[in-house]
Protein chains: 2
Amino acid sequence: MVLESTQVFQRNTAARGKVLQAIERQTGHFTAEDLSQQLPGVGRATVYRTLGVLTRSGYLCKVLLGGNTLHYQVSPEEHHHHLVCIECDRIVDVESCEVADYARETALAQGFQLQRHRLEVYGRCPSCQIG
Amino acid sequence: MVLESTQVFQRNTAARGKVLQAIERQTGHFTAEDLSQQLPGVGRATVYRTLGVLTRSGYLCKVLLGGNTLHYQVSPEEHHHHLVCIECDRIVDVESCEVADYARETALAQGFQLQRHRLEVYGRCPSCQIG
DNA sequence: ACATTAATGAGACTGAGTCTCATTACGGCG
DNA sequence: CGCCGTAATGAGACTCAGTCTCATTAATGT
Ligand SMILES: [Mn+2]
Ligand SMILES: [Mn+2]
Ligand SMILES: [Zn+2]
Ligand SMILES: [Zn+2]
């Protein structure tokens with residue numbers, strides 16, 4: 001997704017520009033605090049607010065790893081899913097997606113305007129298996 | 001799932017019995033704090049610890065609603081998914097599941113022992129739609 | 001230029017979740 | 001039984017991600 005700032009924000013500000021640049025610099029998942037530390041000139045609240053706006057707009061999506069800190073990632077092209085190890089929290093990205101149709105139908109059936117979906121598969125990774 | 005305490009805990013204690021009973025009393029989703037308030041005799045840390053054990057064992061699973069509080073629900077029979085409104089956080093339970101095969105194959109392909117999966121579909125609910 | 005008001009940011013605040021540690025009590029074994 | 005070893009407990013301190021407040025700044029339309 002190429003972000004059209006004008007559609008997401010009501011005003012184009014320097015702080016949001018910096019947050020946006022920092023997000024583009026990330027590889028993979030990141031937290032609000034990650035960004036905040038990389039942006040000493042931008043207030044913490046602004047980082048959180050901007051992540052909120054970008055998530056609501058669909059540009060970002062939340063990633064739920066083990067632990068209690070929310071992670072984000074740029075959402076669109078290369079939509080993918082996660083395999084999560086319930087023992088060690090290892091994450092494996094899964095690039096295929098065969099549930100898009102099902103997600104669309106499910107949303108439609110309840111009158112929802114579909115925005116996106118998340119599929120996470122949990123289990124034990126090879127190194128954490130027991131029996 | 002009928003819980004075999006002996007397989008999940010190393011010792012059978014009164015506190016865990018009470019937590020288990022309280023969980024059975026819940027309908028739908030609940031938080032650690034919900035349980036804690038219903039169990040004045042049981043320490044907060046014990047409630048959290050027991051939820052952790054039960055989740056790792058697969059008896060419970062986490063439910064991620066809007067907001068920053070983790071919810072739980074008893075996982076197995078009547079496995080279901082969630083439609084989540086990105087605007088008002090309304091949740092609609094979806095009872096069908098057509099992604100079980102895909103989840104199993106995905107786990108297998110990476111050598112994971114499948115435990116469960118979660119599918120959440122995000123969009124705008126009928127009352128929050130714009131255009 | 002000026003007015004309107006979206007956005008900012010310092011910092012106080014909240015509260016979910018974790019950790020510590022002294023104490024209790026399960027359960028295996030003699 | 002009665003003893004141990006140690007899993008589990010629980011009060012309460014602590015952490016820190018996320019929210020809120022509010023005075024100030026600055027983007028945008030006219
Ligand atoms: Mn990923
Ligand atoms: Mn549900
Ligand atoms: Zn693992
Ligand atoms: Zn809604």
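- For A:Leu70, the side chain to side chain contact (heavy atoms under 4.5 Å, CB included) partners are A:Lys62, A:Leu64, A:Tyr72, not counting sequence neighbours.
- In this pair, A:His80 and A:His29 present their aromatic rings parallel. The plane angle is below 30°, not in the 30 to 60° band.
- One can place NE2 of B:His71 at 14 Å from C1' of C:dG17, the figure rounded to the nearest angstrom.
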Quick tally for nucleotides 25-30 of chain C: nucleotides whose base has a protein heavy atom under 4.0 Å get B, sugar-phosphate-only ones S, the rest -, giving BBS---
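- Across the helix from C:dA1-D:dT30 to C:dG30-D:dC1, the helix axis at one end is tilted relative to the axis at the other end by 40° (nearest 10 degrees, each axis from five pairs).
- A distance below 6.0 Å separates the ring centres of A:His81 and A:His117.
- Residue pairs meeting the salt bridge (Lys or Arg N to Asp or Glu O under 4.0 Å) criterion with at least one partner in residues 50-60 of chain A, sequence neighbours excluded, do not occur; the list is empty.
- Taking the side-chain hydrogen bond (donor to acceptor under 3.5 Å, both in side chains) definition, one finds that B:Gln38 meets it with B:Gln26, sequence neighbours left out.
- With the nearest nucleotide of DNA chain D identified for both B:Ala45 and A:Thr31, B:Ala45 has the one nearer the 5' end.
- Between A:Thr55 and B:Tyr122 the shortest side-chain heavy-atom distance does not fall below 4.5 Å.
- Between B:Phe30 and B:Leu51, the closest side-chain pair of non-hydrogen atoms falls below 4.5 Å.
- Judged as a salt bridge (Lys or Arg N to Asp or Glu O under 4.0 Å), and not counting sequence neighbours, the contacts of B:Arg104 are B:Asp101.
- Within residues 34-43 of chain A, the residues that have a heavy atom under 4.0 Å from DNA chain C are, in order of number, A:Gly41, A:Val42, A:Gly43.
- Proximity of A:Arg16 to the phosphate of C:dA7: a side-chain N or O atom is located under 4.0 Å from OP1 or OP2.
- Here C:dA7 presents its C1' atom at 18 Å from CZ of A:Arg44, a figure rounded to the nearest Å.
- Listed by first and then second residue, the salt bridge (Lys or Arg N to Asp or Glu O under 4.0 Å) pairs that reach into residues 21-42 of chain A are A:Glu33-A:Arg44, sequence neighbours excluded.
- Checked against side chain to side chain contact (heavy atoms under 4.5 Å, CB included), A:Arg16 has the following partners two or more places apart in sequence or in another chain: A:Phe9, A:Thr13, A:Thr50, A:Val53.
- Using a 4.5 Å heavy-atom threshold, the side chains of A:Thr31 and A:Leu35 count as separate.
- In this model, no side-chain donor or acceptor of B:Arg49 finds a partner on the base of C:dT18 within 3.5 Å.
- In summary, contact between chain A and DNA chain D, defined as any nucleotide atom under 4.0 Å from a heavy atom of the protein, begins and ends at D:dA17 to D:dT28 in the 5' to 3' direction.
- Defined by atom type and a distance below 3.5 Å, a donor-acceptor pair is present between the side-chain atoms of B:Tyr102 and A:Ser96.
- Among residues two or more places apart in sequence or in another chain, the side chain to side chain contact (heavy atoms under 4.5 Å, CB included) test is passed with B:Ala107 by A:Leu83, A:Val121, B:Phe112, B:Leu114.
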